[in-house]
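The block underneath contains the structure these notes are about, expressed in structure tokens.
In what follows, every chain begins at residue 1, and chains take the letters A, B, ... in the order their sequences are listed.
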Amino acid sequence: MTPIDPVMEVAALPGYAPLLLLLPLIGFAFTAALGRRLGKMAHLVPLGAIVVTWALAMSLAIPALTGGLGEGGASMPLFTWIASGDLSFGLGLHVDALTGALLLVVTTVGALVHLYSVGYMSHDDSYWRFFAYLNLFMFSMLLLVLADNLLVVFAAWELVGLSSYLLIGFWYTKTAPGLAAKKAFITNRVGDVGFALGLMGLVVVFGSLDIHTVLAGVEAGALVGPAATVIALLIFCGAVGKSAQFPLHVWLPDAMEGPTPVSALIHAATMVNAGVYLVARMSPLFAASHDAMLIVAGIGIFTAIFAASIAFTQTDIKRVLAFSTLSQLGYMFAALGVGAWVPAIFHLITHGFFKGLLFLGSGSVIHAVDGEQEMTKMGGLWRKIPITYATMLVGTVAIAGLPPLAGFWSKDEILGEAFKFGFTWVWLVGMVVAGMTAFYMFRLMGLTFWGKSRVHDESHVHESPWTMTVPLIILAVPSIAIGAALGFPFANGILVGGLEPIFHPAIAMLAHEHEAWTLFGIDGLLMLASVTVASIGTVIGVRLFRDDNGAFLGGVTRRLQPLYDGSRNRWYFDDLNDLVFVRFGRKFANALWWFDRRVVDGTVNGVATLTSSGGRGLRQIQTGRVQNYALGIAFGLVAIAAAYLVLAG
Amino acid sequence: MSQIAGHLEPYLVLAGMLFAIGSFGFLARRNAISMLMSIELMLNAVNLAALAFGAFIPSLAGQGAAFALLIIAVAAAEATVGLAIVIAIFRNRKTPLVDEYDTMRQ
Amino acid sequence: MPLPDVIPFIGLGWSDVLFLLLSGVVLAAAFAVVFGRDIIKSGLFLILTLGALAGIYVMLGAAIVAGAQVLVYIGAISVLILFAIMLTQTKVAPVKLAFQTQVAPAALAAVLLAVLFGLAFGSTNWGSTVFTDTPAATGTAPVAAALFGPYLLAFEIASVLILAAVIGGLYLAMEPKADEVGEEAQ
Amino acid sequence: MSGVPILSLIIFVPLLGALGIALLPSSRPSVVRFAALATSLVTFVLSLGMLLGIRAQGGEFAFSEQLSWIPSFGITYHLGVDGLSGALVVLTTLLSWICILASFGPIQTRVKEYFISFLILETGMLGVFLSLDLFLFYIFWEIVLVPMYLIIGIWGGADRIYATIKFVLYTLVGSLLMLVAILATAFSHQAVTGSWAGAFDLIALRGTIVDPTLQILGFAAFALAFAIKVPMFPFHTWLPDAHVQAPTAGSVILAGVLLKLGGYGFIRFAIPLFPDGAHLFAPLMIVLSVIAIIYGALVAIVQTDLKKLIAYSSVSHMGFVTLGIFTFNQQGVDGAILQMLNHGLITSGLFLLVGIGYERTHDREIAKMGGWAVRTPVYAALFGFFLFASVGLPGLSGFAGEFLVLLGAFIANPMVAGAATFVMILAAVYLLYMYQRVFTGPLSPFLKGLGSHLTDVTPTEILTLAPLAAMIVVFGVMPTILTSLFAQSVQTFLMSAISTVGQ
Amino acid sequence: MNNDLLTLTPLITVIVGAMAVLVSDMITPNRNHAPVAVALAALGATAALLINQGGSSASALGGSYVAGPFVAFLGLLGISIVAITLLIAPAYLAVRKYPTAELAATLLFALAGAILLGAATDLVTLFVGLELMVIPGYVLAGYAKRDPLSTEGAVKYFLLGSFSSAILLFGIVVLWGVAGTASLSGIATTLASGNASAGLAVALALITTGSAFKIAAVPFHYWTPDAYQGSPTPITGYLSVGPKVGAFVLLIKLFVIALAPLAALWIPVMVVLAAATMTLGNLVALTQSNVKRMLAYSSIAHTGYLMVGIVAAGAGQAAGIAGVLFYTAAYAFMNLGAFAFLTALQGRPGATTQLSDLAGLGRKHPRMALLATIFLLSLTGIPPTAGFFAKTYVILAAVQAGGPATILAVIAVLNAAIAAFYYLRVIVYLFMRDPAEPAIQVAEGPMLRAGLLLAAVGTVALGLAPTPIIEAVVQALAK
């Protein structure tokens, strides 16, 4: 249990690094305390805090990604959090390329969502509360990515869960958000149990939860075999919960009950990526267990196709996006599973931007049609809200994986490496999913913007204020360019350069042979294939939904009724959960409750009644008649005499 | 030569019998006065035993009588109080049958 | 001619006969006391029992106790008893009035006790002297010696005891005054 | 400072206050109230002073006082404090004044008697924590019963008499057997050393009890007494009844301090005196603890009464305490003690909040509530805060204790930890399920019916909750404040807990 | 002889006091307080003499009376019992038009008997002393001679009492015959040498039965509830402690001293009796709705606890006797206190002592209720009261004795838990129920208050600072 010293030399973080955490925290505390009195001014402090945070974050992220901080990254110990005997868990900050990648997404999208919310939430009574929660989330999320100790990561893990709970349940006077919030928190907790147990395992093995100590230990081969598999999978449980992978995916679609900016920030761009981050961060641990990798890949790719198949038939605009998020996260896990760590993070970044964009766009749409989310009640909106339309189109193309937009680059790398590392099945499914993605995204576009309008009162439909459109436009930029920016030239763009060292140990452990990237070779073919699939999906989608041909669609639906219903009802998975956990769980708990009252407490009261009834029985011998008493005495005398004679022998 | 009267045991056995008879009377008779009589029988049995011991156990020579006299005195005192109590309750209850004095029970 | 000190054919001494006779009377009379239905007769039989016992006391050489027996019991106690009988005005009683319902178990208990005493006293070795005839009559001297020696205190206290009993008895037996009312409640 | 018998002061100031109050006219309840508050505040200040002094003083026990009391049996009036008892003492004095303040409104009948009982109760509890003489400890242990009996029985709810008698009898059965064990222990010491000197003295007795049967039976008797107090499954059923019937302050003290007496007893007396017995029984205790943890949580899910729900959550949370103690490793014990203190802060807060709600609604039926947050946002927020603390959210004090206990359990036996960790889910289930039904959604007809009576928290009420909330945050961020405070005690405990035959 | 008289002075003073009481009553008839005053004076004088005799042990009349710390302890205990009884009784008797003179005199006679019991060294004196203590008890039980219940109780008490006296006496005589001596210590030595014969076994059985009756041990307890319920409440108080103390002195002298060599025989029987006694007493008390009768049954239970001490003593633990003595003292104060409380509640003739009568007393008469609570807690055995320490003492002795005694100790504490239920139920009625209608009339008066206070002080003092008593007890045993 003696800690193993980190192998890589670590630089020191600049002194202002803690501000990344303090600013949002202060913003939260301030707004929570005084926001109520500030009315419509309540956003100033939180927004300011986040903007500054963004600037600071960039000043760290960019060097980190471009190797400016050195391979080991930079860190700064703060204070000991929990200490017991020879174990102590300290809070410290650490920034390296991986952190940088996350900072990039988190702070950028975060800042934009704050700005966006100024407009989106302007009519809400508890405006201030929303911004307070947002800052609390930013604090937690940044703590999660910056922490250098897994216990702190776990803490942040729970805190983002809390913020997510608070924001999903933001409109607490309605019933649905309350339920959704509860569901989200509890489902996450299921994963966290595994996470916690995994951490305990690590403590027992390494005597520390300091990330570098642990990883160094793993790389030194201190953890192998079943133990490695078990611990890796336990930690993966946490990721599955937070990143809403099958079977813990159920909370994410419901989470759409929260305000749309929240969906964009937490449930698309940042928090749900925490799982990916964690697995990537612990890459050597997973690399140490082949089985663990397989399971990660399996769950990832299954979630990808499973969610996509559901997204096909959803009519709530935000739910479609939610399922597509699941699907895309599945992609990332598949990538992590096959050992394509860099592409996974790459996809995390690109997805963060374009999914954020899509969600904010959908928010703008909903805003435009007075909170309507059913796409069946939209249509033909492109003229009314052109900016929203344009930006969302960008996002759609990006996610569909059509070159040269962001999605194409990351998705292509994932599929490519999956194939090259011999995970043909992952590759195949991935291709299919790529096509499906393109299809359902254009279905979304079609139902929302094209064809003739199904909005009941068109007069109200209006473009959103600049506070909302500006973020859309800003986000459109990375959705278009960041793929190329980070991913070109192929297989050794900036990102690869930055992240390679991070994953080097893991890659080394897996010993994947890496031959050079060849445009006119296997890589080119794979690229061609993925583009083709995406295009096919796109074409079908556009073709079917460009203008209403309900008749034809109805026909198809009818022919595939069972499949359609299954997909529409999320393959009945929530009903299964409800049956097994809620219904049976309640029955079981009630049984215990009965047991508690009747058996456990019953015994206690039983003893009491027994005693008193014994008393009632015994008092009968007091007949009130002297001679009965005397007879008792006489026989007592005889008995005692007999006893003595026996004892005396 | 005597076969019986010269030995201690017969007297004790006689005392035992008398004691048993007395206790039977005490247990079986309903009338308080009869019960008092039975008690007197029992006390006399004790007296007999005391005297017998006094007569046959060398170290107790002469003490038997003294003990017996004390017992008689005690018996007299008991009887006095006993009768007084009987009279008192008879005044309240108008019956000497003790098994009817069972207001207090359980 | 003097009597032979052993009765021919039976082999018992005269004292034995006397003892058997007296104990026979004692037991018989005692039975009569506890079984007789007429309480007055019971009283009289009690006197008989006590008288016979006095005889046995004499045989045990305790004439003084016999005397006290006659004086105290056959005098005082019997008189008290008769007095009580008058007071309670109970004449001959039918069996159900004379005897408890628990007569059978009572009999059982008594028999058990009798057997117990009989066996125990019979079988025990008391380390007692055996006399050719009845025990020698101890004069009054040793009794007095005992009473005014080791038992002096007991003797004095016995008088106090009787005093206390008399006081208490008087209090209880006295008629309540007119102005005093009864109560029934505890 | 060492000249002043500060521990005796701490113990008996409340008693003196009670006597003083007895002389006050019952016609002036407000005077009585403030007299009680003043007394408890003085005690609180004294205890804080003591806490600061502990570190300064060397040795295992600080400020110790020892006076001969019943020399014929070597029974002495022996007090002493270390980090562990010091922390618990401050918890007690803190909760005491909070409870007294919280009783200002609710208690309107027989005010004088109420506060007298309460101060006597405080004396009893403090005495238990500060006694180092088994006999003295037992006396305080029993004294605690009486005022609690009255507080539940006189100022309690409809079914109070059943509840209070159950509470007292249940506790008595355990403690009386403990008395026999105490005497047996003392006698064995006398038999070995030939003198009564130190026969009842904890420090003198530790490690001297060699007789194996006494080790086993003695531990069993002590453990029963403490298991009932904690309460461990299956001796817990008095708790829900007592909690539901007790007045708010009663529930707070019950959950905040009385349950801790059990855990403290294990650490201070049962295990150090009978390490062999402890090791023999440890597996059983661990199993029972895990059952309590899971079982309490599951049963809590289906409760329909707010107080009952929290009562069962206490069963679950206290299961962590016993689990941690019987891991016999640093993490487990550290965690157990943290858990005791934090449970004291958090659950007390929850009971206070339930009481505050009861003041408005005169009801605790979850089914009747709903959408409460609509009317009283601050109340709802505070409730949420304590609730998440109870869920064990990192950053709030609940987490550190639970994690360390689980870690300790994992080190001892991963299976056990695996089972116990599931309560992370269940705790979230029963608490959030309750919160969602009571506070979120549209305002329920029942609450609507209350109209203007459904006011938000008053400044006084906030004053009772603020200190708890503050400490929950502070100890959540820096639990090391506490762990370093009682580190020494834990070391000594682990030393004395080493079984002479166990290993 | 002169010396003897000096030694006997306490005894004589009590007896003379009794007569003086009667005389004073003749001089000033219908003056209820005069006799009490005289009696109290006599008690005071006796106490002074006893204290003066104190530790030094002297024997009189050829050793048939041995004064010393043991006698002093018992004497003072008896004096406090009688004194408290005399303080609480007059108010009760006055409203019911019963005289106090006979009460005072009778109590003093009984006290004389108790002192003699303590001082006796031979069977004969022991028996006479016992009778002198017991026979006045019959009178007292029937003291409310116009009250059918009182007389009924008296008849039962007397009949069973004299029956058992006969049994005990028979046993004593046979023992006397077997041992060939009346001296207790002499008996011990003879028995130690010889082996147990059938006759001896029977004697032992008779003695066990007789004394078990006197202490009201199951199954010889039947007289207790009826006699206690019937007697006038203050007198019940006396009966429940005075004769009980005496009876346990008898047990100590007969079993622990004279029959010690036969401990192997009688300990098992005592263990069974003790267990049965405490259990039955508590279980039945549990079902009583009349507080007075409940206390009667509870006194049976306390007999059981006291027997634990006897068993321990039989097993050779001096602490056993010490425990018994301490317990008797504690029990005297707390139980008399409880009955004094009931007496106060019966300010009106015809007032009952049902639990329901106590409802809500805590509001109307807080002080009275507080005192009652002290006595009840002490009876329950909650520290820091006399009752707690008494229980602890005998249990400690039992634990020391080990073997069956330890099991007995466990049974005892479990019983204590049962007992807690019915004692606490009284407190429930006092404080947790609404006042009963019509409200009961509480008797007042300085004497009553003094009696209550005396009992309360004793109860608390023996709990908080038991040391003096313990030392007195230990010294009393150092012979």
* Asked: Side chain, backbone, both or neither: which part of E/Thr181 has a non-hydrogen atom closer than 4.5 Å to chain B?
  -> backbone

* Asked: Which atoms form the tightest heavy-atom contact between B/Leu60 and E/Gly177, and what is the distance?
  -> CD1-CA, 3.9 Å

* **Heavy-atom closest pair, residues E/Val174 and B/Phe53** => CA-CE1, 3.8 Å

* Structure fact -> Note: E/Gly180 and B/Ser59 closest approach over all heavy atoms is O-OG, 2.8 Å

* Structure fact -> Note: vs chain E, highest number of non-hydrogen pairs under 4.5 angstrom among B/Ala84, B/Ala88, B/Ala73, B/Ala50 is B/Ala50

* To do: Look at the aromatic rings of E/Trp176 and B/Phe67 and report parallel, tilted or perpendicular, splitting at 30° and 60°.
  => perpendicular

* Asked: If you round to the nearest 0.5 Å, how far is CG of B/Leu36 from CG of E/Leu159?
  -> 6.5 Å

* To do: Calculate, to the nearest 0.5 Å, the distance between atoms CZ and CD belonging to B/Arg105 and E/Gln229 respectively.
  => 11.5 Å

* Asked: In Å, rounded to the nearest 0.5 Å, how long is the span from CD of B/Gln63 to CG of E/Asp122?
  -> 9.0 Å

* To do: For the pair B/Asn92 (side chain) and E/Lys145 (backbone), establish whether a donor and an acceptor sit closer than 3.5 Å, ignoring hydrogens and angles.
  => yes

* **Region of E/Glu152 in contact with chain B, defined by heavy-atom distances below 4.5 Å** => both

* So which of E/Phe163, E/Tyr222, E/Tyr138 has the largest heavy-atom pair count under 4.5 angstrom toward chain B? -> E/Phe163

* Structure fact -> One should read off an interatomic distance between B/Ile87 CD1 and E/Thr151 OG1, to the nearest 0.5 angstrom, of 13.0 Å

* To do: Identify the two heavy atoms, one from B/Met104 and one from E/Lys156, that lie closest to each other, and give their separation to 0.1 Å.
  => O-NZ, 3.2 Å

* Which one, E/Ala166, E/Gly153, E/Ala141, leads in non-hydrogen pairs under 4.5 Å with chain B? -> E/Ala166

* To do: Measure B/Ile71 against the heavy atoms of chain E and call it side chain, backbone, both or neither at under 4.5 Å.
  => side chain

* chain E contact via B/Phe56 - which portion, at a heavy-atom distance below 4.5 Å -> neither

* Asked: Rounded to the nearest 0.5 Å, what separation is found between the OH atom of B/Tyr101 and the CG atom of E/Leu149?
  -> 13.5 Å

* For B/Ala49 and E/Phe170, which heavy atoms make the closest approach, and how far apart are they? -> CB-CE1, 3.9 Å

* Asked: Any side-chain heavy atom of B/Arg91 sitting closer than 4.5 Å to one from E/Arg146?
  -> no

* Quick one: does B/Ile85's side chain get under 4.5 Å of E/Tyr157's, heavy atoms only? -> no

* Using non-hydrogen atoms only, which part of E/Ile167 is less than 4.5 Å away from chain B: side chain, backbone, both, or neither? -> both

